[in-house]
Engineer: 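Following this message is one structure expressed as structure tokens.
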There are 2 protein chains.
Amino acid sequence: MEAQAQMPGLVRGEGLTAWRQIADALIADIATGLYTAGQQLPSEAALAARFAVNRHTVRRALAALAEGGLVRASQGRGTFVEAAPLAYPIGPRTRFSEIVAGAGREAWGDLLAAATVPAGAEQAEALALAPGAPVLELLTVHRADETPLSTALTWLPLPRFSGFSEAYAARGSITRAFAACGVDDYTRLSTRIRARPADAQEAERLDIAPGRVVMVVSSVNIDAAGVPIQANRTLFAADRVELVIGG
Amino acid sequence: MEAQAQMPGLVRGEGLTAWRQIADALIADIATGLYTAGQQLPSEAALAARFAVNRHTVRRALAALAEGGLVRASQGRGTFVEAAPLAYPIGPRTRFSEIVAGAGREAWGDLLAAATVPAGAEQAEALALAPGAPVLELLTVHRADETPLSTALTWLPLPRFSGFSEAYAARGSITRAFAACGVDDYTRLSTRIRARPADAQEAERLDIAPGRVVMVVSSVNIDAAGVPIQANRTLFAADRVELVIGG
DNA sequence: GATTATTTGTTCGTATGTATA
DNA sequence: CTATACATACGAACAAATAAT
């Protein structure tokens, strides 16, 4: 055993594991701004050389950072510093597009699928419909500057919102699609929040690793007359969003 | 093809998939109390026989229930009904003891540790103190009928709340401890919600497996005069609690 | 479009130290 | 004291995705 102290600050055999010290060093580098949000870290090979350890040891340290949502690895591209989580106010007038735009980022929603389905028990109750009544089900992904923040399943009562899919696909915003359907204003009636690991499909839609945590926000929106117009189950990537109430 | 309608209510080839109908039937069974929390469901084979479908179809239905947190499968043991999460309203007058009591369960908070520490940057800002000013730091666990629902780190400005630890330990409630310190009313100023896996210590305090998801709720409480009296970081076991806003 | 280089992801194998039964 | 399990670390090779040529 020799040549163990080639990297300043990396002390071997003193209780602190090598990967933990490397992780701390990288955390400090990010905190001090040496690496900034969106920036690519040096390759695993380069970091292994810098700290004079095996590439596996660097990978263990990077895994710890990824666990905390600080960085994200992308096969074939590199490892990148994640942006600080976006503060997402939840209230009676929650609007994804306005929140993202207010943070200086560009908002867009992609329509992945649309189908007419009979309302399940939960959706029927939320929308005050008979169970089995036809509703429009939309699967969407919502991005801020190309980064997916959330994915949602949305149910809309159907005779009324038959043209919603096309309006949403063209405008990329629930608010604007509602406006195109004659709904100028709407408010949030109720919100319920849970959290759990993402399954494989959800993870792919949000561009996160399977098993990472998502916050599940179930809500109901009503129009100015108090009629329920939208039941919603939105999954937020917990690493990228912080829900804010009041304040 | 024959013998496809042995189970009442299961209609094939009518838009509703078989697995969706089976899922709805099981949801109804759980809702009506046929299967109760903690109880083991019939085996997949038994359910396949009951609905006259292949076991794969039952598995698809059970996967949908597990997705929603209604049941949990355990390899080699069986599939069990999960306890319904406690609806936990988050608002300006959030009181743990009242919420739990309102659900017909007994609330109690245990004080695990108390210490006088210098305020960190975050706590100092929340409490409008100078960084490093002495604050009382409490580590608590909150139970409903012996089941831990949450664990919290609480910071209180110190000249004012020197007797808080003893008051809390004796009364098992933040609200009652505040009353003992002369604070008759307080309201929640702001709330921020994140979610992540629990580490080993947190998991032990909440009596959950390490890595299970916790919702991290950071809040600030103010007294009737608008003075910040408490900064708080509460971890909820995501399987046991559903946060509710408005409605 | 095809090729090549770069980068992360995965899986072997080996060795060592540490905590536990 | 021994045996077992687990975590840590190094080495090598290959697979898979991406970017540049």
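Numbered from 1 within each chain, the chains take letters A, B, ... in sequence-line order.
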Engineer: What is the distance, to the nearest angstrom, from the CZ atom on A/Arg20 to the C1' atom on C/dT18?
Structural biologist: 19 Å
Engineer: Whole angstroms only, please: what is the CG-P distance between A/Leu16 and D/dA9?
Structural biologist: 10 Å
Engineer: Within this structure, what is the CG-CZ distance for the pair A/Asp239 and A/Arg72, rounded to the nearest 0.5 Å?
Structural biologist: 9.0 Å
Engineer: Roughly, in whole Å, what's the span from CZ in A/Arg59 to P in D/dA7?
Structural biologist: 18 Å
Engineer: From the list D/dG11, C/dG9, D/dT8, which nucleotide is the closest neighbour of the side chain of A/Glu44?
Structural biologist: C/dG9
Engineer: Would you check if there is a donor-acceptor pair between the side chains of B/Thr234 and B/Asn232 at a distance under 3.5 Å?
Structural biologist: yes
Engineer: Would you mind checking if B/Arg60 and B/Glu44 are paired as a salt bridge, meaning a charged N to carboxylate O distance below 4.0 Å?
Structural biologist: no
Engineer: Whether A/Thr79 contacts C/dT8 is assessed here as follows: a side-chain N or O lying under 4.0 Å from the phosphate OP1 or OP2. Is that the case?
Structural biologist: yes
Engineer: Expressed as a whole number of angstroms, how long is the span from A/Gln75:CD to C/dA5:C1'?
Structural biologist: 15 Å
Engineer: Are any of A/Asn54's side-chain N or O atoms less than 4.0 Å away from OP1 or OP2 of D/dG11?
Structural biologist: yes
Engineer: Using OP1 and OP2 only, check whether a side-chain N or O of A/Thr57 sits under 4.0 Å from D/dT8.
Structural biologist: no
Engineer: Identify whether the distance between the nearest side-chain nitrogen and carboxylate oxygen of A/Asp29 and A/Arg50 falls below 4.0 Å.
Structural biologist: yes
Engineer: Which of the following nucleotides, D/dC10, D/dA9, D/dA15, is nearest to the side chain of A/His56?
Structural biologist: D/dC10
Engineer: Measure the distance from CD on A/Gln21 to C1' on D/dA7 and round it to the nearest whole Å.
Structural biologist: 16 Å
Engineer: For the residue pair B/Glu202 and B/Arg196, establish whether any side-chain heavy-atom pair is separated by less than 4.5 Å.
Structural biologist: yes
Engineer: Rounded to whole angstrom units, what separation is found between the CH2 atom of A/Trp19 and the C1' atom of D/dC6?
Structural biologist: 14 Å
Engineer: Round to a whole Å and report the spacing from CD1 of A/Ile22 to P of D/dT8.
Structural biologist: 13 Å
Engineer: Name the closest nucleotide to the A/Arg77 side chain, picking from D/dC10, D/dT18, D/dA13.
Structural biologist: D/dT18
Engineer: What is the separation between atom CZ on A/Arg55 and atom P on C/dT6, rounded to the nearest whole Å?
Structural biologist: 14 Å
